[in-house]
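Step one of this worksheet: look at the structure below.
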Amino acid sequence: MIKLRRLERRYSLGKEKFFYVLRDINLDIAEGEFVSVMGPSGAGKSTLLHILGMHDHGWQGEYSLNDTAIHHLKPKERATLRNEQIGFVFQQYHLLDDLTVYENLEIPLSYRHYSKSERAALVADTLDRFQIVGKKDLYPRQLSGGQQQLVGVARAIIAEPKLLLADEPTGNLHSSQGEEIMELFRKLNDEGMTIVQVTHSDKSASYGKRVIQLRDGWIVNE
Amino acid sequence: MIAEISQMLDDIRYAVRQLVKHRSFTFIAVFALSLGIGANTAIFSVVNAVLLRPLPYPDPDKLIVLRERSHIFDNGSVGYMNWLDWHASQRSFSELALVRRESFNFSLGSGLGSPERVRGVRASSGFLSVLGLKPKLGRDLSAVDDVAGAPNVTLISENLWRHDFGASPSVLGRRVLIDGLQREIIGVFPAQLQFGRNPDVLLPLSEIAKEPWMLKRDYHQGWAALGRLKPGVTMSQAASDLNAIAIDLEKKYPESNAGRRVKMRPLFETTVGDYRASLNLLIGAVVCVLLIACANVANLQFARALARAREIAVRSALGASRWSIARQLLVESTLLAFIGAVAGVLLTVWCMDAILALTPPNVPRFHQATIDWHVLAFTTFAAVATGVLVGVWPAWKISHSGSISVALHEAGSRGSSDGLNRQRMRAGLVVMQAALAIVLLAGAGLTLKSFWHAQNAPLGFEPHGVVNFTISLPMAKYKTGEQRSAFWTQLLQRVQNIPGVDAAAISSNSPFDDTENDNFFHVTGTLPVPADQRPTAETSVVSPDYFRVMGMPILRGRGFGPQDVPGEKGHSRSVIIDESFARKYFAGKDPIGQHIDDNDTLDENAPPMTIVGVVPRTRNEAPGELNVEALHLVEEYLLASQDPQPESTLHVRTALSDIAPIVAAVKRDVESLDSDQPIGEITTLDEAIASSLATRRLTMVLLGAFAVLALVLASVGLYGVMALTVTQRTRELGIRMALGAERTRIFKLVLGQGMSLMGIGIAIGLIGAVAAGRALMSLLYNVGAVDAGAVLIAVFSLLAVALIACCVPARRATRVDPMVALRTE
Ligand SMILES: Nc1ncnc2c1ncn2[C@@H]1O[C@H](COP(=O)(O)OP(=O)(O)O)[C@@H](O)[C@H]1O
Ligand SMILES: [Mg+2]
């Protein structure tokens, strides 16, 4: 599903000098995998995930998603592809404070071509599936961290992506809440969703089937 | 389509929620925008009425006003005899009418009801048809009415017809008393006719067509010619046609027509041209105010950008396109602008009466300013433009602030400060506001100073305490000089006896009225002067006490007195000249006892006039008008009893502050002398002078008001930015204080930052102020484009307000508690 070849990400440090965050990344991830990216802080994990999620375009090398060569696509085409294929979960949840749970779930649908009734049906389904129907009219600040991340995950998958990217989804959570999220990930993976998560915890990583270690921008082992 | 509408509704719903949620932002933004948009709406409604609305006649662009250009007057009046020749020979106009504004004594009949003075026009028979108007009732004037001997007829206005005759069709054939003659009403002209300040009656030429003063080619009796260009004929073609005729006339009548040409201007220009510069200036001013308001709101948007940046990054990560984000921001700012526009229109409605009260009172078009659909369309446009301006730029800036991952990263770490770029942008906006405010303040200072100069320009007479009554004796009733003289003498005797009246006099050419009377003259005994170089004097015919009433000292010689016996044929009349006359034509000589030939007298055998006195030079019109001041005309005074005029102004000097009893007594005296004789205008000389400054006052007051708005908005903008800066620098300030910075240092730090922004703004603004001053020059009186006083006042008022705006946040900065500040991390 994902194929990276000689992928590099660097920041300029003035003229002709670069700071490399990712170097010579070669990586294949098959459909249905559940991969955990691990490594010390500053290793480039988030950077890798944002590149996979097509939030960042300043890289060199090759990146193919389902045999589409992303490196040949224009930003607009990348955005379309991203909207079709990818969901993203953030460590800081990033729910919009001014919107209710229901409305937060609706956002991704509003940017894709769903009719009003389709949206209502999908949001209702998702609320049901995540057992948060009772919270649909609450605002994010009225929820616990775990509940917020639950909404964050629900929002990431509501538009039915094939690939779920999660940057330290449990980083801000108590362990019990974290486990709940991880159980959810396992379930999604069992249903066929490809998942790439960044994590610091071996426990979380153990939910996945494969671990990639990053150090100073290099993949050190698998 | 439906999906897009529902999308739009969602956007609007969300925007409303945002605005409600951020109430203080919304309040300040709406406040600023309503001032900006309101000021624009108000000025636009005036501009729309005065400059944009076409004249209410069919094909108004074809209407041309013709005047005579001579070596003295660029835009002088047309002589009747010249018009007759133009009319006969011209081929450019489908019709060429002769017209002048007059006022008339009007009553339903001798002894029937009180006589009134009404506005009217006297015109040749083509007048209504040139304008493309037809009588609403009855018939138009016809060629018969242009020549002497025709029956006495009149047309009346639709307005008079409704008010005095109940709109009855039987008004045709009725007789009314106008200027002492019974006249038959032959028609009613439509209310559309505005020419000559909404006239009430229209009189033909017939009764004056054979008067000697009409038949003298050298006389210019205040006429204008009005023509409608034939299809396909341009104004310049018409001008060469008419000037060819003028050159013919010059050859035939060199004595009177040497150097005389035809001056043409579109009717529209003659109606509104005088106000264009002032109104353009005001448009410039309100656009500045709107820009300042926009900068204010854009700045507030940037202040929210930090919170906004996270929202936008999250939305982008969830799939929002740049367009959908921009649209969301646009909907929000446009909604904001619309609320501002509604508030602004309400503000305009509320201020409109005050603005109209300032407009020149005798220009009808100003008073037609209303908030019609043109104005609302303009306001809507202004609101949308404003919305785009304050919305798109921040939206574009925010959405270009880097990749999503960076934005998310920044948003994730709390307490991250505003980007350096954005800080610069906000500082730039504050600088821009300060610069625009300086331009407006300096411009307002210039007009203020110019107004002050205009108001305090030496008059040469003392207007305070003088009341004017215009009285016009109908020639039909007061045929001879003796009759007229008798009326004035008796009136003056009675008025002088009214308790509270210190002195009374009449004059035929009162300062600050509409009439102007200029006469060619020649200093007796000097070489003859070619016709196209003859000097002319501003002339007034006055009674002996005139100089006492006006507080004018006799500088040399004597005033008029009993020794000046009423003129008989062959008897030398007395004349009093002003000091400029004496200086220019009798340099180094005593003018007393010298003689002047009056080239304009109808009496061919009249001996030269004798100079008996010299008085101060007076100012007779508002400063800056093309007038005696600009043309440097000298002044002369003739004696009423030697040259009795039908139309004069009665001047009454009184020390009483309540003039009502005097006005009532004068009315009684006039009525007792002639019960058919109305009084025209009654005004104090102070009022007449004030209303001559109306356009200047309008510009000054509005520009001043807009400058104050600019000052307020700029300082609110500065306050907003400084307050936010202090909030964002709380941690830094806390550290500084923890490291031992004294509170006064912190205070100075914040103050210094704000004031240096102002300093840059002022420096840029000064450059703009010089440019604005140049553009203002044509409107200014006795003030240079760069005026140190105006600039200093502008700079100091902005600095003072800016200091206050900075002090509040600066004081708050000194109250930062280092412990609390550092803990917020
Ligand atoms: N916009 C940026 N400019 C310069 N360096 C950056 C930028 N974003 C991230 N980095 C650097 O890239 C490295 C990797 O960052 P990141 O991928 O967030 O690490 P991780 O998620 O593994 O902790 C870090 O050293 C970080 O400082
Ligand atoms: Mg990271």
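Any value given below was found using the heavy atoms of this structure, including those in side chains, with hydrogens, waters and symmetry copies removed.
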Are more than 12 heavy atoms, taken from residues, nucleotides or ligands other than [X], located less than 6.0 Å from that residue's [atom1] atom?
| X | atom1 | answer |
| --- | --- | --- |
| Gln131(A) | CD | no |
| Asp67(A) | CG | no |
| Phe18(A) | CZ | yes |
| Lys187(A) | NZ | no |
| Asp216(A) | CG | no |

Side chain proximity check, Leu318(B) to His94(A), heavy atoms < 4.5 angstrom: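 Not in contact.
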State, yes or no, whether a side-chain contact exists between Lys21(B) and Asp97(A) at a heavy-atom distance under 4.5 Å.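 No, every pair of side-chain atoms sits at 4.5 Å or beyond.
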Taking every non-hydrogen pair under 4.5 Å, which of Asp98(A), Asn83(A), Leu99(A) racks up the most with chain B?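 Greatest number of close heavy-atom pairs with chain B: Asp98(A).
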What is the minimum heavy-atom distance between Gly319(B) and Tyr111(A), and which atoms define it?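 Distance-wise, the nearest heavy atoms are O-CB, 3.5 Å.
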Non-hydrogen atoms of Arg82(A) and Ser316(B) that approach each other most closely: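 Closest heavy-atom pair between Arg82(A) and Ser316(B): NH2-O, 3.0 Å.
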Straight-line distance of Arg13(B) CZ to Glu103(A) CD, nearest 0.5 Å: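 Going from CZ on Arg13(B) over to CD on Glu103(A), the span is 7.0 Å.
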So, taking the atom named NZ in Lys76(A) and the one named OG in Ser321(B), what distance separates them when rounded to the nearest 0.5 Å?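 Here the interatomic distance stands at 7.0 Å.
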